[in-house]
Structures are given as structure tokens and as C-alpha cells.
Protein chains: 2
Amino acid sequence: MTERAEVSETAPTRPPTIRDVAREAGVSKSLVSLVFNGGENVSEERRRRVLHAAERLGYRPNLVAQSLSAGRRDFVAILVSNLHNPLFAEIVGAAKARLAEAGQRTMIVSAQVDDGGGSSVLDRDNIAVLRDLRPSGLITVGTIPGFAELADLTATIPTVVASAIDATDDVVATVRSDDHAGLDLVVAHLAEQGVERLVFVGGDGGTVSASREAAFRASVAARGFGEQAWVERADFTEAGARRAVGRLLASDRLPQAIIAVNDLTAIGVITALEAAGVSVPEGCRVAGYDDTTLSAIPRISLTSVDPDNRRIGRVAAEAMLDASADRTGVAGRIGEVLIPPSLVVRGSSLAR
Amino acid sequence: MTERAEVSETAPTRPPTIRDVAREAGVSKSLVSLVFNGGENVSEERRRRVLHAAERLGYRPNLVAQSLSAGRRDFVAILVSNLHNPLFAEIVGAAKARLAEAGQRTMIVSAQVDDGGGSSVLDRDNIAVLRDLRPSGLITVGTIPGFAELADLTATIPTVVASAIDATDDVVATVRSDDHAGLDLVVAHLAEQGVERLVFVGGDGGTVSASREAAFRASVAARGFGEQAWVERADFTEAGARRAVGRLLASDRLPQAIIAVNDLTAIGVITALEAAGVSVPEGCRVAGYDDTTLSAIPRISLTSVDPDNRRIGRVAAEAMLDASADRTGVAGRIGEVLIPPSLVVRGSSLAR
DNA sequence: TTGAAAGCGCTAACAC
DNA sequence: GTGTTAGCGCTTTCAA
């Protein structure tokens with residue numbers, strides 16, 4: 001209750017506003033605004049005065065006020081699907097770096113959180129704030145559960161989807177790994193190793209998984225595997241992988257190699273195989289997808305497809321930049337950009 | 001340039017404002033505001049009218065405007081140090097869930113990004129927006145490089161630090177793993193296994209690392225290891241771990257067990273040992289800290305200290321809640337809250 | 001070139 | 001109980 005009548009010391013007063021700067025510089029608010037927005041028609045002298053005043057006061061424009069006033073602000077929002085997957089961190093980093101090069105501000109927010117239990121749900125709070133902040137563009141990274149709920153955003157600003165297939169009609173571009181190329185790389189590698197019976201574990205749990213399954217089928221068909229290649233359904237979890245392997249073991253139809261939908265699933269496959277006494281790669285070869293840091297650990301040494309995440313991030317950023325530059329109204333729909341992956345061969349697929 | 005003179009179809013008009021709702025409901029702006037902020041003194045009938053109008057129009061309060069107008073908004077910001085570490089995702093999830101239980105909104109933003117290369121830097125854009133959004137509280141998760149730069153935030157709103165020791169004077173509470181208890185758990189376990197020569201790998205690269213080193217020293221001193229226990233400096237990276245092990249091997253002073261500052265370092269230790277022909281655990285036992293998902297992978301099977309991250313997150317949230325409730329001005333400085341860890345024993349520390 | 005004034009969507013006194 | 005009136009910090013016509 002005790003009002004401090006006098007500012008006793010260097011009291012933490014509230015940050016200086018544009019008005020403070022105007023007063024200090026002896027000009028009007030609008031001139032200050034002009035200076036800070038790169039206005040051309042400002043005399044050198046006044047510009048100097050304003051800049052000095054701002055410096056002295058430690059003034060920084062309030063982004064929230066800007067956003068409210070201008071109706072939109074010049075920054076692109078990067079929405080990461082979840083914090084668990086280090087894969088996405090790479091993409092985000094690369095995208096942000098590329099945008100920064102072009103002088104674009106960014107804001108990174110997460111789209112999902114654990115719901116206290118284990119599973120993830122859309123973080124509506126975050127999305128709401130983001131919407132109200134009126135970013136000038138949106139890049140989503142990874143599959144986002146309630147993508148449709150972003151409709152008011154995607155409909156009004158250029159949107160680029162990275163490393164997912166969430167795209168609705170108004171998405172400017174989707175940048176993702178070329179799953180067909182990736183799976184063909186693995187299949188070819190295994191075929192070269194003399195593998196003739198081949199299984200894909202995955203396919204459930206999302207569009208990416210489905211896409212990789214289709215890619216697998218196409219590749220083995222093209223290479224004439226026929227009945228000797230099939231799919232054992234599983235989601236992205238380790239448990240799913242274990243069940244799939246369990247089915248293979250039970251039916252006595254163990255293939256010579258298993259390709260998993262991603263690295264985590266691959267680990268599950270290896271674990272299940274070894275628990276059943278089948279050693280990897282001797283008893284059965286295994287390969288994954290994503291080339292996460294996991295696979296490089298010597299004890300794991302997992303052959304995996306490297307999607308080139310940094311490039312995905314960079315290209316997504318560039319698509320964003322293009323779309324923003326293209327102020328013709330009809331932002332050019334770039335469509336899908338498939339980034340060519342490469343294969344990283346490690347112990348899990350090589351016969352000793 | 002062609003201005004669409006007439007709204008052709010269900011054109012994506014701009015979102016309804018409080019004014020639209022007021023008009024639709026036939027009341028004033030302020031009444032609408034009152035209704036949406038749980039005002040008591042509103043007649044049932046008007047409240048209904050307002051709510052219905054809002055519903056019809058699809059009105060949602062603009063958080064940015066709220067924030068600007070009210071001077072602060074009722075949400076706590078959760079600042080995650082980096083997206084790479086899944087560990088932090090657990091803490092964030094738990095904190096958010098606890099806050100949600102208490103009816104607190106949250107906003108999760110990342111504090112760092114890759115700078116295009118590999119290393120992380122403070123994401124100033126994100127911090128700036130956050131500051132301007134005027135959150136009612138701040139929870140930081142993990143060590144944040146330029147923590148000092150958050151001064152204007154930490155000075156004005158209650159701040160809780162989770163899983164780090166960044167604390168400046170104005171931090172309300174620091175919630176982290178009890179490193180002393182954790183390391184003593186490992187040391188005790190190894191001693192029980194008959195280990196007499198013991199090394200700690202870590203100590204460089206941050207306050208947490210230093211704290212764990214001190215904890216190790218205290219534990220081995222208390223247990224009378226004397227000259228038989230020492231520290232081999234290394235940072236958090238795998239490479240650092242390899243160098244440390246290299247020194248041990250070169251000096252021919254290989255201990256019977258190595259405790260690493262965290263799981264990643266432990267993996268580096270295992271890799272280096274096995275590359276040199278020393279098998280784990282037979283030739284040398286190894287243990288880590290953090291109990292990340294890595295350690296549970298059977299091929300790794302790393303004994304590790306589980307810091308109970310979900311509890312860290314929950315307690316941090318509760319400290320925040322307490323601090324916010326405590327509107328006496330002098331927010332009670334809770335100080336440090338140490339969460340008791342537990343030991344998860346796996347193959348890497350057990351003689352076969 | 002510069003300034004005055006209106007307003008972005010909302011909250012918060014203060015009246016009625 | 002409910003409406004009126006000022007702003008929050010900034011951008012943006014529109015005049016001067």
C-alpha cells in the first residue's frame with residue numbers, strides 16, 4: 001500500500017516508450033516511429049537526435065504494440081510439433097538461420113505438450129497467442145495433430161510445412177524427405193548384400209509412416225521381390241515394433257532383413273530380435289530412417305537414411321522467403337519439394 | 001491492385017472484436033469484457049446474451065490486446081533452454097500440466113537455437129517478444145546461456161528456475177535434482193559391487209557439471225576412497241568423454257568403474273573403452289546421470305540416476321503458483337528445492 | 001519534412 | 001448492474 005512517492009534509487013521504472021524518446025529528442029511520436037521503420041524522408045539531424053535519445057534511454061520498440069497497431073508484424077513463426085524429437089531441432093535451427101540471413105525475425109514456439117500422461121496434445125494456448133501476434137508467415141515443423149485448427153492462420157498468411165504431409169490446400173509448400181528415394185536406397189543396399197526376403201515394419205500412425213510404407217512397396221515391386229517382401233504393420237513406438245517382430249517370429253517367417261519406418265522403431269526391432277536370440281546383423285539385418293544421433297552410437301551402429309534435415313530447414317525457409325516476396329496476392333503454390341536423402345551404412349546391415 | 005469491392009463469398013473477414021460482440025448483444029464493450037473476465041456483477045440475462053453473441057460470431061479475446069491493455073496478462077511463460085534434450089520436454093510437460101490444473105495459462109517458447117553451425121545461442125527475438133507480452137511469471141527449464149539478459153524479466157515477475165543453477169538474486173526458487181544424493185547413490189552402489197578404484201568424468205561445461213563433480217568428491221571422501229577416487233575433467237560432449245578415457249588409458253590408471261556427469265558422456269565413455277578393447281562392464285563398470293531414454297535401450301543398458309523430471313516440473317510449477325498467490329509484494333524467496341533422485345541399475349554396472 | 005489525431009482490441013476507473 | 005471514458009505503445013493517414 002505504501003506508495004513510493006519519490007523514486008529512491010535507480011528504481012526499476014517501466015521501460016521507455018516511444019513518447020519518452022520523442023520528448024527526449026524534442027520531436028513527435030510519429031517521427032520516432034518513422035526513424036525506427038526506416039523512413040526515408042527524415043532529416044539527418046533529427047534522425048540523429050532520435051537515435052541518440054533512444055540510445056540514452058535504452059529504448060526498444062514494443063513488439064506487442066507494433067503487432068496490434070500495424071495489424072501484422074514482420075516476423076515468421078516457426079511452430080515445432082514436439083520437443084521430444086531432436087530431429088526437429090535441426091530443422092528449426094537451419095530454418096531460423098536462413099531466415100536470419102535474409103533479415104527476417106522469427107519466433108519459435110512449440111505446438112504440442114505432454115498432457116501429464118505420456119501422449120501429446122495440441123497446445124491451444126500457444127496457438128492462440130501466435131495467432132494474435134499476427135506473424136507474417138508460418139513454418140510448421142513435423143506432424144502437428146490438430147493441423148486443421150490452424151486454419152485461420154494458414155488461410156491468411158503464407159504457410160510452409162516442413163517434414164510432414166499435413167498440408168491443406170492453402171499451404172504454399174511442403175518440404176520433406178523423398179521417402180521413395182530413401183527407401184529405394186535401403187532396399188538397393190540390402191539387395192546388394194544378397195538379401196532376398198525383406199520386411200518393412202511400420203505404416204501405422206501418421207501420414208509419414210504411410211508414405212514410407214508406400215515407398216517400400218513401390219521399391220520392392222520394382223526390384224522384383226514379389227512374395228519375398230511384405231509389410232508388418234506397426235506404429236512409431238518401440239512396443240509396436242516388438243509386437244511386429246513377435247508376429248514374425250511366431251509365424252516362423254523371419255526375413256533376412258527388416259527395414260523400420262524410423263530409427264526408434266528400428267531400435268525396438270533390434271531389441272525384440274536379440275531378446276529372442278536372433279543376433280543383428282548375423283541373424284537378421286536391420287535398417288532405420290532419420291539417422292538420429294542414436295544410430296551413430298557404436299553399440300547401436302544402425303544403418304539409416306539421412307534425410308538431410310538442415311537442408312529441409314533451409315529450403316523451407318527459402319520457400320517462405322519466396323512466398324513473402326511474391327506479393328502479387330496469388331502466392332505461388334510451390335507444392336511439394338522432396339529433399340534427396342542419403343544412406344548411412346553401419347554395422348546393422350552388414351554381414352560380418 | 002484489383003480491389004475486391006464486394007465480399008464475394010464467405011470471405012475470410014478479420015476476426016470479430018469485442019465491439020462486434022457488444023453490438024450483436026446490444027450491450028457495451030465493457031460488459032463484454034466483464035463477462036469474459038469472470039466479473040461477478042453481471043445479470044444472468046446479459047451474460048447469456050453476451051455469451052451467445054460471442055458464440056455466434058466465433059469471438060475469442062485477442063491476447064495481444066489484453067496484454068497491452070492490462071499491462072500484464074495472466075499467463076506464465078515457460079522458457080526451454082534447448083530443443084535437443086528430450087529431458088527438458090518431460091519437465092516442461094509436467095510443469096504445464098500442473099499449471100493447467102490450477103487454471104493457469106502457459107506459453108512455451110524456446111530460449112536458444114542452433115546458430116547454423118552446431119552450437120547454441122540465445123534467441124533474442126523470442127526473448128524480446130516474451131518480454132513485451134508481459135507474462136505474469138517465468139519458469140526457465142535447463143541452463144540458459146545468457147541468463148543475465150533476462151534481467152528485466154526476472155526483476156519484475158516471479159521467476160522459477162528448473163533443472164539448472166542459473167539463479168540470480170531475484171529468482172524465487174530453483175528446483176533441481178539433488179546431485180549429492182544422486183552421486184552418493186551411484187557411489188554406494190558401486191562400492192557394494194566391490195569397486196575400490198573410481199573415477200568421475202565431467203566437471204567442465206556449466207554449473208550443473210560442477211555441482212555433480214563436487215557431489216562426487218564429497219561422496220567418495222565420506223566413504224573413504226582416498227587416493228583411489230579422482231576426477232578426470234570433461235565437458236558434456238562425447239568427444240570430451242573420449243579424451244578423458246584416452247588419458248586414463250594412456251596413464252595406465254584405469255579404474256574399476258567410471259561415473260559420467262550425464263548419460264551422453266557415459267555413452268562416450270563406453271564407446272572409448274570398447275574401442276580400446278576394454279569391455280563394459282567386465283573390464284570397467286560405467287554409470288550415467290539423467291536416465292534418458294538412451295540408457296534403457298538394451299544394447300546400451302546404462303545404469304543411471306533418475307532425477308524424476310516430471311516431479312521437478314511439477315514442483316517448479318507449484319513454486320510458481322505459490323509465488324503468484326503471495327501478493328504481499330515481497331514474494332517469499334523459497335530458495336533451492338532439491339528433488340531426491342533414484343538409481344536405476346542396469347547391465348553397465350553389474351559384473352556378469 | 002514534420003506533427004496532430006485517430007485508432008488497433010482490450011481493460012479499468014469512474015460515473016450513472 | 002451497466003455504460004462512458006481514458007488510455008496501453010505503436011502505426012498511419014492527413015494536414016501543415
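Keep in mind the model is a prediction, meaning the values are calculated, not measured. All chains are named by letter (A, B, ...) in the order of the sequence lines, taking the proteins before the strands, and each is independently numbered beginning at 1.
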Give the nucleotide from the list [options] with an atom nearest to the side chain of [X].
| X | options | answer |
| --- | --- | --- |
| Y59(A) | dC10(C), dC10(D), dT12(D) | dC10(D) |
| N37(A) | dT11(D), dG9(C), dC10(D) | dT11(D) |
| S43(B) | dC10(C), dG1(D), dC10(D) | dG1(D) |

side-chain contact (heavy atoms from CB on, under 4.5 Å) with [X]: which residues, sequence neighbours excluded?
| X | answer |
| --- | --- |
| S28(A) | S30(A), L31(A) |
| N85(B) | N82(B), L87(B), F88(B) |
| A100(B) | none |
| E55(A) | none |

By the 4.0 Å heavy-atom rule, please label F36(A) as base, sugar-phosphate, or nothing.
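Nothing, no heavy atom under 4.0 Å.
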
Mind checking T17(A) for me? I need base, sugar-phosphate or nothing, with any heavy atom below 4.0 Å counting as a touch.
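Since only primed, P, OP1 and OP2 atoms lie under 4.0 Å of T17(A), the category is sugar-phosphate.
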
Euclidean distance, atom [atom1] of residue [X] to atom [atom2] of [N] [Å, nearest integer]:
| X | N | atom1 | atom2 | value |
| --- | --- | --- | --- | --- |
| L133(B) | dC10(C) | CG | C1' | 14 Å |
| L68(B) | dT11(C) | CG | C1' | 10 Å |
| R19(A) | dA4(C) | CZ | C1' | 13 Å |
| D132(B) | dG9(D) | CG | P | 11 Å |
| R60(B) | dG9(C) | CZ | P | 16 Å |
| R131(A) | dG9(C) | CZ | C1' | 13 Å |
| N62(B) | dC8(D) | CG | P | 18 Å |
| E44(B) | dG1(D) | CD | P | 11 Å |

Applying salt bridge (Lys or Arg N to Asp or Glu O under 4.0 Å), can you list everything that pairs with D166(B), at least two apart in sequence or on another chain?
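D166(B) satisfies salt bridge (Lys or Arg N to Asp or Glu O under 4.0 Å) with no residue once adjacent residues are dropped.
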
All salt bridge (Lys or Arg N to Asp or Glu O under 4.0 Å) counterparts of R48(A), not counting sequence neighbours
E44(A)

Under 4.0 Å from OP1 or OP2 of dT11(D): is there any side-chain N or O of Q66(A) that close?
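It does, given that an N or O in the side chain of Q66(A) lies less than 4.0 Å from OP1 or OP2 of dT11(D).
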
Is any side-chain N or O of N41(A) closer than 4.0 Å to OP1 or OP2 of dT2(C)?
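Checking dT2(C) against N41(A), no side-chain N or O comes under 4.0 Å of OP1 or OP2.
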
Rounding to 10 degrees, work out the angle separating the end axes of the helix from dT1(C)-dA16(D) to dC16(C)-dG1(D) (five pairs an end).
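It comes to 40° between the two terminal axes.
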
List, with names and distances, any nitrogen or oxygen atoms from the protein found under 3.5 Å away from nitrogen or oxygen atoms belonging to nucleotides 3-6 of chain D.
residue: dG3(D); atom: OP1; partner: R46(B); partner atom: NH1; Å: 3.1
residue: dG3(D); atom: OP2; partner: S28(B); partner atom: N; Å: 3.2
residue: dG3(D); atom: OP2; partner: S28(B); partner atom: OG; Å: 3.4
residue: dT4(D); atom: O4; partner: S30(B); partner atom: OG; Å: 2.8

Residues 145-155 of chain A, side-chain donor-acceptor partners within the protein, below 3.5 Å, at least two apart:
residue: E149(A); atom: OE1; partner: R124(A); partner atom: NH1; Å: 2.4
residue: E149(A); atom: OE2; partner: R124(A); partner atom: NH1; Å: 2.9
residue: D152(A); atom: OD2; partner: R131(A); partner atom: NE; Å: 3.0
residue: T154(A); atom: OG1; partner: A151(A); partner atom: O; Å: 3.2

[atom2] on [Y] to [atom1] on [X], rounded to 0.5 Å:
| X | Y | atom1 | atom2 | answer |
| --- | --- | --- | --- | --- |
| L79(A) | L122(A) | CG | CG | 8.0 Å |
| L68(B) | D132(B) | CG | CG | 9.5 Å |
| L57(A) | E24(A) | CG | CD | 5.0 Å |

